[in-house]
Colleague: 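Following this message is one structure expressed as C-alpha cells.
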Amino acid sequence: MISQTWKIMALLPILAAVAFLLFDIPFKPSVNQCTLYPYSHYWIGSKRIVTPKGVISGAVEIKGGKIVSVLHEDQWQKDVRSVQIIDYGNAVIMPGLVDVHAHLDDPGREEWEGFPSGTRAAVAGGITTLIDMPLNSFPSTVSEETLGLKLQAAAGRIYVDVGFWGGLVPENALNASALEGLLKAGALGLKSFMCPSGINDFPMTDIGHIKEGLLVLAKYKRPLLVHAEIPQDDGVNLENKDDADDVRSYNVYLKSRPASWEEAAIKALLTVSKDTRTGGPAEGAHLHIVHLSDARSSLELIKEAKKSGDSVTVETCPHYLAFSAEEIPDGDTRFKCAPPIRDAANKEKLWAALTDGDIDMLSSDHSPSVPELKLFSEGDFLRAWGGISSLQFVLPVTWSYGQKYGITLAQLASWWSEKPAKLAGLSLKGAISIGYQADFVVWEPEAEFHLDENHPIYHRHPNISAYIGSRLSGKVLATFVKGNLVFKEGNHALPCGSPILATA
Ligand SMILES: NC(=O)N[C@H]1NC(=O)NC1=O
Ligand SMILES: [Zn+2]
Ligand SMILES: [Zn+2]
C-alpha cells in the first residue's frame, strides 16, 4: 500500500509536466502580458527627464501604475540603492503624448484604420492617450447607445488609453436630454462641424446648435471642439471643374477653401464663445478650435477672444507646420486635408503663434481612409478623401521641423501632453509629477531615420501617409502606459489600454 503511494508520488512530476504541456496556462507562473517589463514597483532613469519643473537628470519611481517619486541624480544616488531600474542613459523621458484628435474609424470602418492598428501605431510613436473623434466610424458617436458601440469595439483591442468625443449634430443639438445622456455616459466633450464633414451620418451644425450645445456642456464643465470652416462664395467651386489638369492642381484645391472660410467660422463662433466668460450663461463650457490652418485673420480673432476672457483654446497639426502649399506636388492627394495646407509664409506665422503661446497645443488629426479613396492614379483633389495619415510620426515630425525655430523639450511636453490632457479633463495625465499616471515616452531626439518601406509602420495603410519618404529626427525607444512597458524597440505588449470615460 505504502509503496503504491510512493509510486504515484514519484509519477506526480511527470503527470504535472504532461498537464503543463496539455493545458498550458494553469501551470505557468503568472506573467503579466500587458507589459514587457513585469514589475509593479520600479524606477526609470535618464539624464534628461522632462518635468514641469524643468529637465532633470535623475529617476522616476513607479508603483502600481503611478508616479510615486521624481528624484534628482544627487538625491537618487544618496537615498536609493539596489532597486529595479531601467537606465535610459542620455535618452529623453517625457510624459506620453496625449492626442486629442484622431479618427480611428472603429466600429464600422475598420478597413480604414481600426482600434488595433491605430493604437499600435500610437504607442510606437510615443502616444499614450488618444481621444477618438465621433465621426468616420459607423455609426457616428452621437448618443449614449453609439458611445456604447465604441466601448464594445475598443474592449480588449486598444494599446493606449482611449477617450471619446461625442458628436454635436442637428439631431441632438436642440435636445438637451439626448446630449446629457451622451455626456453622462462618459463622452469627454463634444465635437461639431460648421461645414460638410464628408460623412453622411455626421451633418454640420449652425451657430444656433453650437450655442445650445455650449449651455449643456457648461453643466458638465466639458469642451466643445469645432471644425471651423464655413463655405463662402469666394471659393473656387471644384464641383464645376471638369478639366483633368485643374482637379490635379493643389493650387486649385487650395483656392477652393480659402482662409476666409476659417475666418467666417471663427467670427461666428466668437458670437457664442462670449457665453463661456465668468458670469456668462455658458460659464464652465469651453470652446476649442481644432486644426487651425489660417495664421492670419483667424488667429487674430482667437487672440482677441482670449483677451476678452472667453474660454477658448486652439490647436494646429504637424502637417500645417511641416508642409507648405508651394511644395505639394500636383496630384499627390496624400496631402489633401481640410482646411488645406496654406502658403509658406502662413506656415512661418503658425510656428510663431505656437512658440508665442497663441496656439495652445498640437494634435494629429490622423484621418486615414482605404488607399483607393485617395485616388492616387487620378490624383483628383476634388474627389479624393480629405485627411492626413500621421499618427505614428507626430513626435519626430514636430521635433524635426521645429529645429529651425529652436523648440525645446519643455515646449513639446506642453503642446503634446500637458495642454491636451487639460482640454480632455484628464487630471492625472500629461506630466511627470508625483501622483500622475506613469505614462511615458522614452526617445532619442538626435537619432535620425529615413521613413521608407524598411521602417516598421503600424498604421493600417502606411503608404497613404504624406510623411513617407521624409528623413526625420527623433526615435521612440520605449512607451509606458500606466506603468506598463507597452512598446520597446519594435515589440508590443498585449493591448491592455483602458477606455477613459468622464465621470463627474
Ligand atoms: N471627416 C474627416 O475626418 N475630416 C477630416 N479630414 C480633414 O482633412 N479634415 C477633417 O476635418
Ligand atoms: Zn476637422
Ligand atoms: Zn478630424
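Nothing here was measured: the structure is a model prediction, and the numbers come from that model. All ligand and atom numbering here is 1-based and tracks the order in the structure.
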Colleague: Would you call Arg296-Asp343 a salt bridge at under 4.0 Å N-O?
Modeller: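 Salt bridge flag = yes for Asp343 with Arg296.
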Colleague: Which part of Asp365 is near ligand 1, with near meaning a heavy atom under 4.0 Å away: side chain, backbone, both or neither?
Modeller: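 Side chain only.
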Colleague: Would Met133 count as a contact residue for ligand 1, given that I'm defining contact as a non-hydrogen atom of the residue lying under 4.0 Å from a ligand atom?
Modeller: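 Flag not set, Met133 not near ligand 1.
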Colleague: Is it true that Lys404 and Glu348 have a side-chain N and a carboxylate O under 4.0 angstrom from each other?
Modeller: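 A salt bridge links Lys404 with Glu348.
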Colleague: Heavy-atom contacts under 4.0 Å between Cys337 and ligand 1: side chain, backbone, both, or neither?
Modeller: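 For Cys337, backbone and side-chain atoms both sit under 4.0 Å from ligand 1.
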Colleague: Can you find a non-hydrogen atom of Phe202 under 4.0 Å from ligand 1?
Modeller: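 False for this residue.
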Colleague: Within ligand 1, which atoms have a heavy atom of Ser197 less than 4.0 Å away?
Modeller: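 Under 4.0 Å from Ser197, ligand 1 has these atoms: 1 (N).
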Colleague: Using a strict cut-off of less than 4.0 Å between a Lys/Arg side-chain nitrogen and an Asp/Glu carboxylate oxygen, indicate whether Glu110 and Arg460 qualify as a salt bridge.
Modeller: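 Result for this pair is no, no salt bridge flagged.
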Colleague: Would you mind checking if Glu448 and Arg471 are paired as a salt bridge, meaning a charged N to carboxylate O distance below 4.0 Å?
Modeller: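 Yes, Arg471 and Glu448 are salt-bridged.
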Colleague: Just to be sure I read this right, does ligand 1 sit under 4.0 Å from the backbone of Phe193, its side chain, both, or neither, counting only heavy atoms?
Modeller: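 It is the side chain that gets close, since no backbone atom is under 4.0 Å.
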Colleague: How does Trp112 reach ligand 1, if at all, at less than 4.0 Å between non-hydrogen atoms: by side chain, backbone, both, or neither?
Modeller: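 The answer is neither.
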Colleague: How far is atom 9 (N) of ligand 1 from its nearest protein heavy atom, and which residue and atom is that?
Modeller: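 Ranked first by proximity to atom 9 (N) of ligand 1 is Ala338 O, 2.7 Å.
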Colleague: Does one side chain, of Glu327 or Tyr250, offer a donor that lies under 3.5 Å from an acceptor on the other?
Modeller: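 Judged by distance alone, the side chains do not pair up.
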Colleague: Ignoring waters, how many N, O or S atoms from the protein are under 2.8 Å from the Zn ion (ligand 3)?
Modeller: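 Step by step: take the Zn ion (ligand 3), keep protein N, O, S below 2.8 Å, and you get 3.
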Colleague: Among protein heavy atoms, which lies nearest atom 6 (N) of ligand 1, and at what distance?
Modeller: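 For atom 6 (N) of ligand 1, the nearest protein heavy atom comes out as Gly386 O, 2.9 Å.
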Colleague: With no hydrogens and no angle check, do the side chains of His366 and Glu113 hold a donor and an acceptor under 3.5 Å apart?
Modeller: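 Short answer, yes.
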Colleague: Can you list the atoms of ligand 1 that are under 4.0 Å from a heavy atom of Asn136?
Modeller: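 Listed by number with element, the hits are 1 (N), 2 (C), 3 (O).
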Colleague: Between Arg342 and Asp294, does any NZ, NE, NH1 or NH2 come within less than 4.0 Å of an OD or OE carboxylate oxygen?
Modeller: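 Salt bridge absent between Asp294 and Arg342.
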Colleague: Run the side-chain contact (heavy atoms from CB on, under 4.5 Å) test on Trp416 and Trp399 for me, step by step, so that the C-alpha distance in whole Å, both residues' side-chain angles and the decisive distance to 0.1 Å come before the verdict.
Modeller: CA-CA 11 Å; Trp416 272 117; Trp399 180 244; over 6 Å; no
Colleague: I'd like to know if Asp330 and Arg248 make a salt bridge, using a cut-off of under 4.0 Å between side-chain N and carboxylate O.
Modeller: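 Arg248 and Asp330: not salt-bridged.
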